[in-house]
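Notes follow the structure.
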Protein chains: 2
Amino acid sequence: MQIPEEISGLRMTRQRQEVYRFLMEGRSHPTANEVFMHIKEALPNVSLATVYNCLEALVQHKIVRKVNFDREPSRYCPNLDEHGHFHDETTGTIHDIKFKPGINLTDLLDLPANTVISDIEITLRGQLA
Amino acid sequence: MQIPEEISGLRMTRQRQEVYRFLMEGRSHPTANEVFMHIKEALPNVSLATVYNCLEALVQHKIVRKVNFDREPSRYCPNLDEHGHFHDETTGTIHDIKFKPGINLTDLLDLPANTVISDIEITLRGQLA
DNA sequence: AAGGGAAATTAGAACCATTCTTATTTGTAT
DNA sequence: ATACAAATAAGAATGGTTCTAATTTCCCTT
């Protein structure tokens, strides 16, 4: 799995490839440490700082999204579509939540005039009964 | 400003009163440290750990909400109505955002079946042009 | 009003995700 | 092939928050 061409300007290193590959393969919203543990199998000398650097580079280039739940360790999400996250308190797993068709979130909010929104985050917590 | 009666079970201490008072007076979404700095004027020997304890107690008793923006220091919000937060990147200030009348957020999301939602958080980032 | 026991407070140590620093290595344009 | 900018590794540093242990305070019972 190669990082696509459109990400030029981002120097292609073994470490970035592995981080990218792991994010794309699993649909697990891993933390930096989870990425670290996994890619160590392929790259035994990789450092945690490098994993953070790679993830940051991917975030900057809008290849992945960084998502936060409370102040838990940040997680990284390869789904770039606008979506929210459901955090299942029973299993600890995270599910992407799509909006129903035709929904424009900012239309539903009572925003101050002249507001330019650059980012929206929706987080739900609960249980799958 | 007294903590209301309905919060019995919560022992009323000078520290909790000051924390509560400060949260209710300002509409500033302060951090624990900001609360600490302010109530020190009235209670010079108060400790930061106590401020954390008081805030936690107020959160547990649903007198205030704890809100997080990315992994910045947690902030505390005395507004208990269901609402979102707009984080103005220019000034760093936070504004409560009401939903337009009649909006039920979960109706607009493509949730898995049998989902019980216990909490929703909406965060917007941007600028007031 | 006094005593006792549970709960809250204090001070500082500990924790842990993340960032920073510095020396070394690696990619890539020339 | 070379050189230079950028990325990596290792570990130290940072900073918000939580924990620990000793002390103090609240409040119920007498």
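Throughout, protein chains are lettered first and strands after them, A, B, ... in sequence-line order, and every chain is numbered starting at 1.
Between Thr13(A) and dT8(D) there is a side-chain polar atom (N or O) within less than 4.0 angstrom of OP1 or OP2. Of the side-chain N and O atoms in Thr50(B), none sit less than 4.0 angstrom from OP1 or OP2 of dT9(C). Side-chain nitrogen and oxygen atoms of Tyr52(A) include at least one within less than 4.0 Å of the OP1 or OP2 phosphate oxygen of dT18(C). Remark: Arg16(B) is in phosphate contact with dA8(C), judged by side-chain N or O atoms under 4.0 Å from OP1 or OP2. The phosphate of dT26(C) has neither OP1 nor OP2 within less than 4.0 Å of any side-chain N or O from Gln15(A).
If you take CD of Glu34(A) and P of dA17(C), they are 11 Å apart, rounded to a whole angstrom. Computed from coordinates, the Leu55(A) CG to dT8(D) P distance equals 11 Å when rounded to whole Å. In this structure, CG of Asn68(A) is placed 13 Å from P of dT17(D), rounded to the nearest angstrom. With rounding to whole Å, Glu56(B) atom CD is found 10 Å from dC19(D) atom P. As rounded to whole Å, 14 Å separates atom P of dA17(C) from atom NZ of Lys66(A). Rounded to whole angstrom, the span from the CG atom of Asn53(B) across to the P atom of dT20(D) amounts to 13 Å. For the pair Glu18(A) CD and dA9(D) P, the interatomic distance rounds to 12 Å; values are reported in whole Å. We find that CG of Leu43(B) is positioned 10 Å from P of dT9(C), with the value rounded to whole Å.
Counting only distance, with no hydrogens or angles, the side chain of Arg75(B) and the backbone of His29(B) share a donor-acceptor pair below 3.5 Å. Listed for the His38(B) side chain is no donor-acceptor partner under 3.5 Å among the backbone atoms of Phe36(B).
Heavy atoms from other residues, nucleotides or ligands lying under 6.0 Å from NE2 of His85(B) number more than 12.
Evaluation of atom-type donor-acceptor distances gives no pair under 3.5 Å for the side chain of Arg11(B) against the base of dA8(C).
The CZ atom of Phe69(B) sits 9.5 Å away from atom CG of Leu124(B), with the distance rounded to the nearest 0.5 Å.
In this structure, of dT10(C), dC20(C), dT18(C), it is dT18(C) that holds the atom nearest to the side chain of Pro73(A). Checking dT18(C), dA11(C), dT8(D) against the side-chain heavy atoms of Ser47(B) singles out dA11(C) as nearest.
Within the 4.0 angstrom heavy-atom criterion, only backbone atoms of the sugar-phosphate kind lie near Arg71(B); the bases stay farther away. Within the 4.0 angstrom heavy-atom criterion, only backbone atoms of the sugar-phosphate kind lie near Ser74(A); the bases stay farther away. Among the heavy atoms of the strands, none lies under 4.0 Å from Asn33(B).
Closest heavy-atom contact between Thr90(A) and Asp88(A): N-OD1, 2.8 Å.
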